[in-house]
Number of protein chains: 2
Amino acid sequence: MPATIPDEFLDAMAEKLRLFADPTRLSILRALSMRERSVSEVVEATGRGQANVSKHLKLLTNAGLVARRKEGLRVYYKLDDPLVGKLCDLLCATLVSEARAELSRTRRLLDTWSKTSRRDKSGRVKTR
Amino acid sequence: MPATIPDEFLDAMAEKLRLFADPTRLSILRALSMRERSVSEVVEATGRGQANVSKHLKLLTNAGLVARRKEGLRVYYKLDDPLVGKLCDLLCATLVSEARAELSRTRRLLDTWSKTSRRDKSGRVKTR
DNA sequence: TGACTGTATTACCATAGAGTCATAAAGTAG
DNA sequence: CTACTTTATGACTCTATGGTAATACAGTCA
């Protein structure tokens, strides 16, 4: 963490992060990361209720994370903040590496497990 | 955002981010980013209540973000996840650049403002 | 042993916020 | 105009969670 972060920044950081700390909003951002989409398209892509999506989109818009464009009946939203991509890259990288670690841990477990039960003549799995 | 993120990841990402989306926890992480600290030291550094800090530390520990070490009466905590530093760097960079943008915006405003009111002979500031 | 210190936990309150339903508002088509 | 579509909003419920006070627990020292 960089040297010293002024206290006022903590609140700003927390507020910004709170926007990302919700599965529905992440789902919406993921949908918008591919292309600009109307509200109903986002609803369809995320499988969430329309009112719910509309509310989250308002939040994201007010925060400046997405941009709003009206065209006839529809309203189109698209990403409008470089932080979105960076943050997702960082998180995905972290989660992927964690998943990898988890996998190899499981592998090791399975490995030692099969070794210890190798000489069990009964054929049944024997734990410890 | 990377191509397609599986739905299960969204929940994991949100949960992870939720840990950072709180001023008190950020304050704690900031305190721990400098050095290992006992609970009471964290309490002192953050200015939060002891019970409160203890709870947050438990959360962070369970999530694997900080490591716990007991020594006599005291319990020492330290950062234990590379994500912490990376995330903070990213956020700080973002916030700083935003602050800069805000600053130059204000400067421009002041500039045009002083120009429009330059020829006002009364000496009073004249808006539009 | 008892007194003291540092930490964790419990119980509680207050609030924020996510979701949903119903409905309003805005735009289009007939 | 009415009927219809798309989006936004208001009212409401319910849950999660941050904060705090009181207290339990654990370790040290006399």
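These values consider heavy atoms only, across backbone and side chains, with no hydrogens, waters or symmetry-generated copies. Throughout, protein chains are lettered first and strands after them, A, B, ... in sequence-line order, and every chain is numbered starting at 1.
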Would you kindly give the [atom1]-to-[atom2] distance between [X] and [N], to the nearest whole Å?
X: A:Glu71; N: C:dA26; atom1: CD; atom2: C1'; answer: 15 Å
X: A:Leu17; N: D:dG18; atom1: CG; atom2: P; answer: 14 Å
X: A:Phe20; N: C:dG17; atom1: CZ; atom2: P; answer: 16 Å
X: A:Arg68; N: D:dT6; atom1: CZ; atom2: P; answer: 16 Å

Polar atom pairs between nucleotides 2-6 of chain C and protein, under 3.5 Å, N or O only, would you list them?
none

Kindly list each side-chain donor-acceptor pair under 3.5 angstrom involving residues 57-64 of chain A, sequence neighbours excluded, with atom names and distances?
{"from": "A:Thr61", "atom 1": "OG1", "to": "A:Leu57", "atom 2": "O", "distance (Å)": "2.6"}
{"from": "A:Asn62", "atom 1": "ND2", "to": "A:Lys58", "atom 2": "O", "distance (Å)": "3.4"}

**Item:** Heavy-atom neighbours of A:Glu44 CD exceed 12 at 6.0 Å
**Value:** no
**Sequence-distant partners of A:Gln50, side-chain contact (heavy atoms from CB on, under 4.5 Å), two or more places apart** = A:Val43, A:Ser54
In a table with atom names and distances, give each donor-acceptor pair under 3.5 Å that connects a side chain of residues 74-87 of chain A to protein atoms at least two apart or in another chain.
{"from": "A:Asp81", "atom 1": "OD1", "to": "A:Leu83", "atom 2": "N", "distance (Å)": "2.7"}

**Request:** Sequence neighbours left out, what passes salt bridge (Lys or Arg N to Asp or Glu O under 4.0 Å) with A:Arg105? Give chain and number order.
**Result:** A:Glu102
Any residue meeting side-chain hydrogen bond (donor to acceptor under 3.5 Å, both in side chains) with [X], in chain and number order, not counting sequence neighbours:
X: B:Thr24; value: B:Arg48
X: B:Glu15; value: none
X: B:Lys16; value: A:Glu98
X: A:Arg100; value: none

Short N/O separations, protein against nucleotides 19-22 of chain C, under 3.5 angstrom:
{"from": "C:dG19", "atom 1": "OP1", "to": "A:Thr24", "atom 2": "OG1", "distance (Å)": "3.0"}
{"from": "C:dG19", "atom 1": "OP2", "to": "A:Thr24", "atom 2": "OG1", "distance (Å)": "3.3"}
{"from": "C:dG19", "atom 1": "OP2", "to": "A:Asn52", "atom 2": "OD1", "distance (Å)": "3.3"}
{"from": "C:dG19", "atom 1": "OP2", "to": "A:Asn52", "atom 2": "ND2", "distance (Å)": "3.0"}
{"from": "C:dG19", "atom 1": "OP2", "to": "A:His56", "atom 2": "NE2", "distance (Å)": "2.9"}
{"from": "C:dG19", "atom 1": "O5'", "to": "A:Asn52", "atom 2": "ND2", "distance (Å)": "3.1"}
{"from": "C:dG19", "atom 1": "O6", "to": "A:Lys55", "atom 2": "NZ", "distance (Å)": "2.9"}
{"from": "C:dT20", "atom 1": "O4", "to": "A:Lys55", "atom 2": "NZ", "distance (Å)": "2.9"}

Side-chain donor-acceptor pairs of residues 5-12 of chain A under 3.5 Å, sequence neighbours excluded:
{"from": "A:Asp7", "atom 1": "OD1", "to": "B:Arg30", "atom 2": "NH1", "distance (Å)": "2.9"}
{"from": "A:Asp7", "atom 1": "OD1", "to": "B:Arg30", "atom 2": "NH2", "distance (Å)": "2.7"}

**Request:** Take A:Gly72 and A:Ala21, find for each the nucleotide of DNA chain C with the closest heavy atom, and name the residue whose nucleotide sits nearer the 5' end.
**Result:** A:Ala21
**Message:** Between A:Lys70 and B:Leu57, which residue's closest nucleotide on DNA chain C lies nearer the 5′ terminus?
**Reply:** B:Leu57
Could you write out each protein N or O paired with an N or O of nucleotides 13-16 of chain D at a distance under 3.5 Å?
none

